[in-house]
Asker: 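Can you read through this structure? Questions will come right after.
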Number of protein chains: 2
Amino acid sequence: MVQSELADLEKKLRDAQLRPTKQRLALAQLLFSDGNRHITAERLHSDAMGANVAISLATIYNNLHQFTAAGLLREVVVDSSRSYFDTNVMPHHHFFHEQSGTLEDIEKNDLKVDNIPPLPEGTEISSVDVIVRVSSTRR
Amino acid sequence: MVQSELADLEKKLRDAQLRPTKQRLALAQLLFSDGNRHITAERLHSDAMGANVAISLATIYNNLHQFTAAGLLREVVVDSSRSYFDTNVMPHHHFFHEQSGTLEDIEKNDLKVDNIPPLPEGTEISSVDVIVRVSSTRR
DNA sequence: CAATAAATTAGAATTCTTCTAAACAAGAAA
DNA sequence: TTTCTTGTTTAGAAGAATTCTAATTTATTG
Ligand SMILES: [Mn+2]
Ligand SMILES: [Mn+2]
Ligand SMILES: [Zn+2]
Ligand SMILES: [Zn+2]
């Protein structure tokens with residue numbers, strides 16, 4: 001990590017009205033330093049442990065939610081038993097590998113959703129989420 | 001419920017290799033007698049209680065999963081905190097009302113998903129799920 | 001430096017779901 | 001029918017993910 005990178009992350013947090021604490025900076029680094037990630041709370045927690053960052057699971061959850069509320073992350077619902085958080089906050093879709101439980105982005109423009117029927121009365125779209133579930137070809 | 005209806009449900013269960021026990025028939029009735037439903041385990045349990053059907057929550061879960069494995073139900077993932085089961089097993093999509101937590105079908109042909117990019121190597125599609133999340137227009 | 005408010009934490013609590021192992025009921029065989 | 005076998009149901013315990021509580025620590029402000 002270069003010097004400027006940490007400064008950038010600190011700015012990112014400050015811009016989101018989040019105090020750049022030791023824990024938040026460490027999480028921001030794990031989340032945003034190395035391309036897009038789709039990650040669960042437990043996974044991020046063990047990544048942090050692996051990077052010798054002392055942080056409690058409660059703090060992981062607190063911050064994942066705060067980052068999400070601030071628009072730094074978004075939540076992807078693909079599995080009814082755990083939450084995934086996505087560092088790519090642009091509108092896009094996903095491949096979901098059922099065996100491994102991993103996600104892969106589908107860029108918005110690659111995929112077209114057409115002919116959405118009239119919305120239920122009194123509602124507006126909050127998002128359109130496409131999950132292409134894939135599994136290994138049995139051979 | 002007409003006489004023939006119970007016989008139909010019994011056949012439906014037998015065809016799926018499921019013994020038509022008192023509990024299963026009662027659940028089948030709650031699930032399949034009155035149009036399509038999108039239901040959670042807890043909701044089905046209270047529906048059963050309301051209909052004076054004595055059935056444990058464990059049995060509700062057992063049967064929702066057995067019905068799903070048998071193709072009588074399918075699971076819809078829209079909320080990372082609970083599972084929804086759908087009596088409509090044809091391919092189709094959903095509106096999800098974020099406020100109420102309710103689902104509404106979008107017929108397969110109404111909505112078109114195009115330009116799915118090449119699948120990850122060695123995988124095949126198991127399903128394509130579109131969730132249009134809607135919320136009440138604030139006024 | 002205080003003072004204040006925000007953030008972190010351990011551990012308890014909650015919620016949804018699954019498991020265990022014993023009792024029970026359904027269908028098959030006699 | 002009765003008996004046998006196996007599938008089903010169940011209460012309650014256990015498990016997993018997540019949230020809450022309330023005490024401590026840390027960051028920012030004055
Ligand atoms: Mn499940
Ligand atoms: Mn959960
Ligand atoms: Zn993504
Ligand atoms: Zn449906």
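Treat the numbers as computed from the prediction; the structure is a model and nothing was measured. In what follows, chains carry the letters A, B, and so on, assigned in the order in which the sequence lines appear, proteins first and then strands, with residues in each chain numbered from 1.
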Asker: Using atom types as modelled and distance alone, determine if a side-chain donor or acceptor of R14(A) lies under 3.5 Å from a backbone N or O of P20(A).
Answerer: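 A pair under 3.5 Å: no.
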Asker: Mind running side chain to side chain donor-acceptor pair (under 3.5 Å) on H93(B) and D129(B) for me, showing each step along the way?
Answerer: CA-CA 6 Å; H93(B) 304 294; D129(B) 301 335; 5.5 Å; no
Asker: Can you tell which of dT18(D), dT28(D), dT17(C) lies closest to the side chain of P20(A)?
Answerer: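 In terms of side-chain proximity for P20(A), the closest of dT18(D), dT28(D), dT17(C) is dT28(D).
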Asker: Taking side chain to side chain contact (heavy atoms under 4.5 Å, CB included) as the test, write out the residues that go with A51(A), two or more places apart.
Answerer: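 Checked A51(A) against side chain to side chain contact (heavy atoms under 4.5 Å, CB included); matches are L30(A), V53(A).
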Asker: Does atom CG of D114(B) have more than 12 heavy-atom neighbours, drawn from other residues, nucleotides or ligands, at distances under 6.0 Å?
Answerer: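 More than 12 heavy atoms, drawn from other residues, nucleotides or ligands, come within 6.0 Å of this atom.
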Asker: Over all strands shown, is T40(B) touching base, sugar-phosphate only, or nothing at heavy-atom distances under 4.0 angstrom?
Answerer: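 Result for T40(B) = nothing.
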Asker: Counting just side-chain N and O atoms, does S80(A) come under 4.0 Å of either OP1 or OP2 of dC16(C)?
Answerer: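 Checking S80(A) against dC16(C): no side-chain N or O falls below 4.0 Å of OP1 or OP2.
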Asker: With a 6.0 Å cut-off (strictly less than), is the heavy-atom count around CD of Q99(B), excluding the residue itself, greater than 12?
Answerer: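 Enclosed: over 12 neighbouring heavy atoms sit under 6.0 Å from CD of Q99(B).
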Asker: Remaining members of L111(B)'s ILVMFWY cluster at a side-chain heavy-atom cut-off under 4.5 Å?
Answerer: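 F95(A), I106(A), L111(A), V113(A), I116(A), L119(A), I125(A), V128(A), V130(A), V132(A), V134(A), F95(B), I106(B), V113(B), I116(B), L119(B), I125(B), V128(B), V130(B), V132(B), V134(B), all in the cluster of L111(B).
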Asker: Any side-chain to backbone donor/acceptor pair from R133(A) onto V78(A)? Under 3.5 Å, distance only.
Answerer: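 Looks like yes, one N/O pair under 3.5 Å.
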Asker: To the nearest Å, give me how far apart CG (L44(B)) and P (dC16(C)) are.
Answerer: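 From L44(B) CG to dC16(C) P: 15 Å.
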Asker: Please give, in whole Å, the distance from dT18(D) P to F85(A) CZ?
Answerer: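 The distance from CZ of F85(A) to P of dT18(D) comes to 7 Å, rounded to the nearest Å.
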Asker: How long is the line joining CG of L64(A) and P of dT8(C), in whole Å?
Answerer: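 About 12 Å, once rounded to whole Å.
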Asker: Roughly, in whole Å, what's the span from CD in Q66(A) to P in dA5(C)?
Answerer: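 Going from CD in Q66(A) over to P in dA5(C) covers 18 Å.
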Asker: Counting only heavy atoms and a strict 4.0 angstrom limit, can you tell me which residues of residues 54-63 of chain A come near DNA chain D?
Answerer: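 Residues of residues 54-63 of chain A under 4.0 Å from DNA chain D: L57(A), A58(A), Y61(A).
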Asker: R14(B) has a side chain; which of dG27(C), dT18(D), dA7(C) sits nearest to it?
Answerer: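 Given the options dG27(C), dT18(D), dA7(C), the side chain of R14(B) is closest to dG27(C).
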Asker: Name every residue in residues 21-28 of chain B that has at least one heavy atom under 4.0 Å from any atom of DNA chain D, in order of residue number, or write none if there are no such residues.
Answerer: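 Under 4.0 Å from DNA chain D: T21(B), Q23(B), R24(B).
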Asker: With respect to the phosphate group of dA17(D), does any side-chain polar atom (N or O) of S81(B) fall under 4.0 Å of OP1 or OP2?
Answerer: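 For dA17(D), neither OP1 nor OP2 has a side-chain N or O of S81(B) closer than 4.0 Å.
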Asker: Within this structure, what is the OH-to-P distance between Y84(A) and dT18(D), rounded to whole angstrom?
Answerer: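 Roughly 10 Å, once rounded to whole Å.
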Asker: Which residues pass the side chain to side chain contact (heavy atoms under 4.5 Å, CB included) test with T40(B), not counting sequence neighbours?
Answerer: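 Expected list: E42(B), R43(B), R82(B), Y84(B).
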Asker: dC16(C) P sits how many Å from I39(B) CD1, rounded?
Answerer: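 My rounded result for the distance is 14 Å.
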Asker: Using atom CG of L13(A) as one end and atom C1' of dA7(C) as the other, report the distance to the nearest whole Å.
Answerer: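 Taking atom C1' of dA7(C) as the reference, CG of L13(A) is at 13 Å.
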Asker: Mind checking H65(A) for me? I need base, sugar-phosphate or nothing, with any heavy atom below 4.0 Å counting as a touch.
Answerer: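 Result for H65(A) = sugar-phosphate.
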Asker: Applying side-chain hydrogen bond (donor to acceptor under 3.5 Å, both in side chains), can you list everything that pairs with D110(A), at least two apart in sequence or on another chain?
Answerer: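 D110(A) satisfies side-chain hydrogen bond (donor to acceptor under 3.5 Å, both in side chains) with no residue once adjacent residues are dropped.
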Asker: How many Å lie between CZ on R82(B) and C1' on dA17(D), as a whole number?
Answerer: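 Taking CZ of R82(B) and C1' of dA17(D), I get 14 Å after rounding.
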Asker: Quick one, M49(A) and I55(A) - any side-chain contact, counting heavy atoms below 4.5 Å?
Answerer: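 Side-chain contact under 4.5 Å: yes.
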Asker: Mind checking if R19(A) touches a base, just sugar-phosphate, or nothing, with heavy atoms under 4.0 Å?
Answerer: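 Result for R19(A) = base.
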